Colleague: 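Dropping the structure in here first, questions after.
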There are 2 protein chains.
Amino acid sequence: MKQLHRKDLFGWSVFDTERNLDFHSVLWVRDGGNVLIDPLPMSAHDHSHLQRLGGASFIVITNSDHCRDAEHIASETGAMLCGPAAEEDTFPLSCNRWLYDNEEVVHGLIAYELDGSKTPGELALVLEHTTLITGDLIRCHIGGELCLLPENKLADVDKAIQSVKRLADLPGIKAVLTGDGWPLFNHGGEALHRLARSL
Amino acid sequence: MKQLHRKDLFGWSVFDTERNLDFHSVLWVRDGGNVLIDPLPMSAHDHSHLQRLGGASFIVITNSDHCRDAEHIASETGAMLCGPAAEEDTFPLSCNRWLYDNEEVVHGLIAYELDGSKTPGELALVLEHTTLITGDLIRCHIGGELCLLPENKLADVDKAIQSVKRLADLPGIKAVLTGDGWPLFNHGGEALHRLARSL
């Protein structure tokens, strides 16, 4: 796995030939159990790296299109699966826990529900007030610039815009780690504001 | 290939299991012939993407440790190979052109020779005054923060530091695309200054 902007954050990526961008997953190494977010299939090398860093106790899935390899990795690591509460009735996996808006997943990791995206209650996560981790709604197709999921995929454009503005209003966001596209490690709040103003 | 921070810049990457970071290559699409920098082996998908974007007329290799798949890609595309002049006598490939300090490779792309790195006259490139492309000396192991090649690999630490300070003094650098590690698409000059101050 690749070191991200903090010593306790790692990521791994898979290049998607359809969209010509990388999909990303995040690992937060922490006392009390490591957290994986939207885990993609891992190479043997990365899996061994994960084991050396303490395995995983929690897997957060931001939306039903980002289940990726979560079930398999949960079975290998024993991690608890956490999914978006608004998808509970139709989610393709059986989760141990359903996350609601403004819920603390583990200490220091807050889940936010987004409205209007392609799935109900898509989650975004804020780690220790400074790192925003997004699933599908907020993306980065052009290096350094955030963008929205294409309008024809949104369930409700106005609600999606309001959700982006709500995240942009969070103070102190330094990094934005997107599920799809490039990460922004610095000045993430500024990029969120640029995106919100453009909508 | 992945879109970088400009519509005319693309990149592709290979994850290095020894260092746990990505190696990167850059494609600049331009009238007068596309430029590749330190090209890694390409997947069939990326090679086809490159062909659709017009192939390659020039390949710049920043140092002899970054030859990667340049010779093979040159044979497939017909691109001219350009290498660092200070390595002319010992370079592993036969280049069509040797680049000196402050030389315009093609219009808008300036080569700078760096001193004190692990190979003589390692090249860094500045594209249209705003995008710095580095080979080995300047890297990014922690997202958002530039670093130097480890000291035990440097031929001359003081000269390497002077070379970094010279690049940091260039006005208007927005993006820093490293050969090894993460790219910085925004506030690149600020990151270069932080690096220079830390040395």
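Fair warning: this is a prediction, and the values are worked out from it, not measured in the lab. Below, read A as the first sequence line, B as the second, and so on, with proteins coming before strands; counting in each chain starts at 1.
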Colleague: Find the one option among Asp16(B), Leu9(B), Asp22(B) whose heavy-atom pairs under 4.5 Å with chain A are most numerous.
Modeller: Asp22(B)
Colleague: With side-chain hydrogen bond (donor to acceptor under 3.5 Å, both in side chains) as the criterion, how do His107(B) and Glu128(B) come out once you've worked through the C-alpha distance, each side chain's angles and the decisive distance to 0.1 Å?
Modeller: CA-CA 9 Å; His107(B) 184 66; Glu128(B) 294 186 343; over 6 Å; no
Colleague: For the pair Asp101(B) and Arg166(B), find out whether any cationic side-chain nitrogen is under 4.0 Å from an anionic carboxylate oxygen.
Modeller: yes
Colleague: Does Phe91(B) have its ring centroid less than 6.0 Å away from the ring centroid of Trp98(B)?
Modeller: yes
Colleague: Which bit of Leu4(B) is near chain A, if near means a heavy-atom gap under 4.5 Å: side chain, backbone, both or neither?
Modeller: both
Colleague: Looking at Ser25(A), is its backbone amide N or carbonyl O close enough to the side chain of Trp12(A) to form a donor-acceptor pair, meaning the two atoms are under 3.5 Å apart?
Modeller: no
Colleague: Let me see the working for Asn34(A) and Ser57(A) under side-chain hydrogen bond (donor to acceptor under 3.5 Å, both in side chains), right down to the final yes or no.
Modeller: CA-CA 5 Å; Asn34(A) 296 345; Ser57(A) 301; over 6 Å; no
Colleague: Can a salt bridge be assigned to the pair Asp8(B) and Arg30(B) using a cut-off of 4.0 Å between side-chain N and carboxylate O?
Modeller: no
Colleague: If you count every heavy atom of other residues, nucleotides or ligands that lies below 6.0 Å from Asn102(A) atom CG, does the total exceed 12?
Modeller: yes
Colleague: With only heavy atoms counted, which part of Asp46(A) is less than 4.5 Å from chain B, the side chain, the backbone, both or neither?
Modeller: side chain
Colleague: Can you tell which part of Asn186(A) gets under 4.5 Å to a heavy atom of chain B, answering side chain, backbone, both or neither?
Modeller: side chain
Colleague: Under a 4.5 Å heavy-atom cutoff, which of Arg19(B), Met1(B), Lys7(B), His187(B) has the most pairs with chain A?
Modeller: His187(B)
Colleague: Taking side chain as everything from C-beta outward and backbone as N, CA, C, O, which of these in His45(B) sits under 4.5 Å from a heavy atom of chain A? Side chain, backbone, both or neither.
Modeller: side chain
Colleague: Take Asp180(B) and His24(B) through the test side-chain hydrogen bond (donor to acceptor under 3.5 Å, both in side chains) and record every step on the way to the result.
Modeller: CA-CA 6 Å; Asp180(B) 299 2; His24(B) 300 278; over 6 Å; no
Colleague: Is there side-chain contact between Ile138(B) and Leu192(B), with at least one heavy-atom pair below 4.5 Å?
Modeller: yes
Colleague: Please examine the side chains of His49(A) and Phe10(A), heavy atoms only from C-beta on, and report whether any two atoms are closer than 4.5 Å.
Modeller: yes
Colleague: Hey, which residues of residues 142-165 of chain B are touching chain A, say heavy atoms under 4.5 Å apart?
Modeller: Ile142(B), Gly143(B), Gly144(B), Glu145(B)
Colleague: What part of Phe15(B) is in contact with chain A, defined as an atom under 4.5 angstrom from a non-hydrogen atom: side chain, backbone, both or neither?
Modeller: side chain
Colleague: Given that the side chain runs from C-beta out, which part of Lys174(A) has a heavy atom under 4.5 Å from chain B: side chain, backbone, both or neither?
Modeller: neither
